[in-house]
Amino acid sequence: MAFGDAWKQLSWFYYQYLLVTALYMLEPWERTVFNSLLISVAGMAVYTGYVFMPQHIMAILHYFEVIQ
């Protein structure tokens, strides 16, 4: 029963995503292209943040002399 409830909740969230972004008006292949681009951009942003944010944080901390 828990799996069914989780699936129903996930389906509801996906439906809300389609409504908010107006993707329900697109053809299935257009929706797939849009979602692929969205996931790619989000993935690149997370990767870039993971790679470069520690360097920037350390530079800021050195600038304000929080660490030596």
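Predicted, not measured: the structure shown is a model, and the values here were computed from it.
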Look at the side-chain heavy atoms of Ile, Leu, Val, Met, Phe, Trp and Tyr, link any pair under 4.5 Å apart, and say whether [X] and [Y] land in one connected group.
X: Tyr50; Y: Met44; result: no
X: Leu37; Y: Trp29; result: yes
X: Met58; Y: Tyr63; result: yes
X: Phe64; Y: Ile67; result: yes

Q: Sort out for me which residue in Tyr14, Trp7, Tyr15 forms a side chain to side chain contact (heavy atoms under 4.5 Å, CB included) with Ser11.
A: Trp7
Q.
To check you understand the geometry: which heavy-atom pair defines the closest contact between Pro54 and Gly49, and what is its length?
A. CD-O, 3.9 Å
**Q.** Side-chain heavy-atom pair Met53, Thr48 within 4.5 angstrom cut-off
**A.**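 SC-SC contact between Met53 and Thr48 ruled out.
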Q: Could you check if a side-chain atom of His56 sits within less than 4.5 angstrom of a side-chain atom of Phe52, using non-hydrogen atoms only?
A: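 Side chain of His56 against side chain of Phe52, heavy atoms only: contact under 4.5 Å found.
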Q. Does atom OH of Tyr17 have more than 12 heavy-atom neighbours from other groups under 6.0 Å away?
A.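 Yes, enclosed.
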Q | CD (Gln16) with more than 12 external heavy atoms under 6.0 Å | A | yes
Q: Starting at CZ of Arg31, measure out to OG1 of Thr21 and round the result to the nearest 0.5 Å.
A: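 The distance works out to 9.0 Å.
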Q: Hey, could you give me the NE2/CD1 distance between His62 and Ile57, rounded to the nearest 0.5 Å?
A: 12.0 Å
(Q) Test side-chain contact (heavy atoms from CB on, under 4.5 Å) on Asn35 and Leu23; report intermediate values, then the result. (A) CA-CA 9 Å; Asn35 288 331; Leu23 290 176; 3.7 Å; yes
